[in-house]
Amino acid sequence: MPRRFCLIFIALFWLPATHAAEARQRIHVGYYEFPPYSYTDAQGQPSGSGLELTTRLLDEAGYEADFRSYPGARLYGGLLDGSIQLWAGASGKPELAGHTLEGRHLLGEITLNLYFRLDTPAPIIPDELQGQGVILITGYSYWQDVNQWLEDPARNIIHHRTRSHTSALEMLQRRRADYLLDYRAPVEQAMRTLGMDELPFVEVQRLPLRLIYSRHAPGAERLRDDLDKVYQRLQESGENLWLY
């Protein structure tokens, strides 16, 4: 009888725990290729400091992360219709206003720079870009004021597009254009990959990184509050969660 009682007790204890594990809600997290914060590694797995932090916050809050890489436009579209629940990215995008919630904690900052060769004088932006060639990364978007001078017909800025940061740097070195508009973190990683020395640049924008939640996904406010609480608790425990 005691043995049977012990087996029944173990079963009663184990079943709720198993059910709780199976009941963890999967959160669809979108990202685009933005190393070292978010990217798909050589094994086809989501990687990067931003995705690692997102995974930890979700896990601590009792959720499970389901990552998928998207081009920028599709990522924003998923946030607009609720098919993507969460994104760790730049806050304050006008096209997402009214359709998203933002986490209360600043995760880090990203910097948009205009790079040029050592033999090129530092330009005054945007006036001295008139008629010049600028290398851009396909799929990346910029703030409205940057887009305005990039697309201004009167400035006649010539766009040279490429899909990778390494190829963009190689295009700049081969004089396909005199300037490269790109974000600092992925450029620095690409420079290390190519074994290049640092290039001079002019800072164009500095943007805050936050967790962005689609308002059109069920439970968005609760998800935001849960992750905010976890972040606050970890921060108060002395952990450095800043994304570099």
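This one's a predicted model, so the numbers in the text were calculated from it and none came from an experiment. All heavy atoms count here, side chains included; hydrogens, waters and symmetry mates do not.
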message = If only side-chain N and O atoms count, and only distance matters, is there a donor-acceptor pair under 3.5 Å linking Q205 with T111?
response = no
request  = Would you confirm whether R215, through its side chain, and T100, through its main-chain N or O, come within 3.5 Å as a donor-acceptor pair?
outcome  = yes
query = Between the side chain of D228 and the main-chain N/O of R104, is any donor-acceptor distance below 3.5 Å?
reply = yes
inquiry  = With no hydrogens and no angle check, just 3.5 Å: does a side-chain donor-acceptor pair link K93 and S141?
reply    = yes
request  = Establish, from distance only, whether the side-chain atoms of T40 and Y31 form a donor-acceptor pair under 3.5 Å.
outcome  = yes
query = Once you round to the nearest 0.5 Å, how far does CD of Q232 lie from CG of L241?
reply = 10.5 Å
query = Using 4.0 Å as the upper bound for N to carboxylate O, is an ion pair formed by E60 and R233?
reply = yes
task = In plain terms, say whether E64 and R24 are close enough for a salt bridge, that is, a side-chain N and a carboxylate O under 4.0 Å apart.
result = no
query = So, does R206 use its side chain to make a donor-acceptor pair with the main chain of E109 at under 3.5 Å?
reply = no
ask   = Checking T120 side chain against F116 main chain: does a donor-acceptor pair fall under 3.5 Å?
value = no
ask   = Would the number of heavy atoms belonging to other residues, nucleotides or ligands and lying under 6.0 Å from CG of D41 be above 12?
value = yes
request  = Can you sort out the partners of H216 under side chain to side chain donor-acceptor pair (under 3.5 Å), two or more places apart, ordered by chain and number?
outcome  = H99
request  = State the OG-CG distance between S49 and L107, to the nearest 0.5 angstrom.
outcome  = 10.0 Å
message = Quick test of your reading: applying ring-ring contact (aromatic ring centres under 6.0 Å, His included), list the pairs with at least one residue in residues 51-73, sequence neighbours left out, ordered by first then second residue.
response = H28-Y70
query = Using the ring of each side chain (for Trp, its six-membered ring), is H165 parallel, tilted or perpendicular to Y140, with breaks at 30° and 60°?
reply = tilted
task = Kindly check if the number of other-residue, nucleotide or ligand heavy atoms within 6.0 Å of CZ (R155) is above 12?
result = yes
message = Main chain of Q85, side chain of S214: is a donor-acceptor contact present, judged purely on distance under 3.5 Å?
response = no
request  = Flag yes if more than 12 heavy atoms outside R176 fall under 6.0 Å of its CZ atom; otherwise flag no.
outcome  = no
message = For the aromatic rings, using the six-membered ring if either is Trp, is the centroid distance between F34 and Y183 under 6.0 Å?
response = yes
inquiry  = With a 3.5 Å distance limit and no angle check, can you tell me whether N113 reaches the backbone of Y115 through a side-chain donor-acceptor pair?
reply    = no
Note: E52-R56 ion pair, threshold 4.0 Å (strictly below) = no
ask   = So, Q235 and N240: side-chain donor and acceptor under 3.5 Å apart, yes or no?
value = no
task = Answer yes if the side chains of T166 and T193 hold a donor-acceptor pair under 3.5 Å, and no otherwise.
result = no
key: Nearest heavy atoms of P46 and L51, plus distance in Å   = CB-CD1, 3.7 Å
query = To the nearest 0.5 Å, what is the distance between CZ (R210) and CH2 (W87)?
reply = 13.0 Å
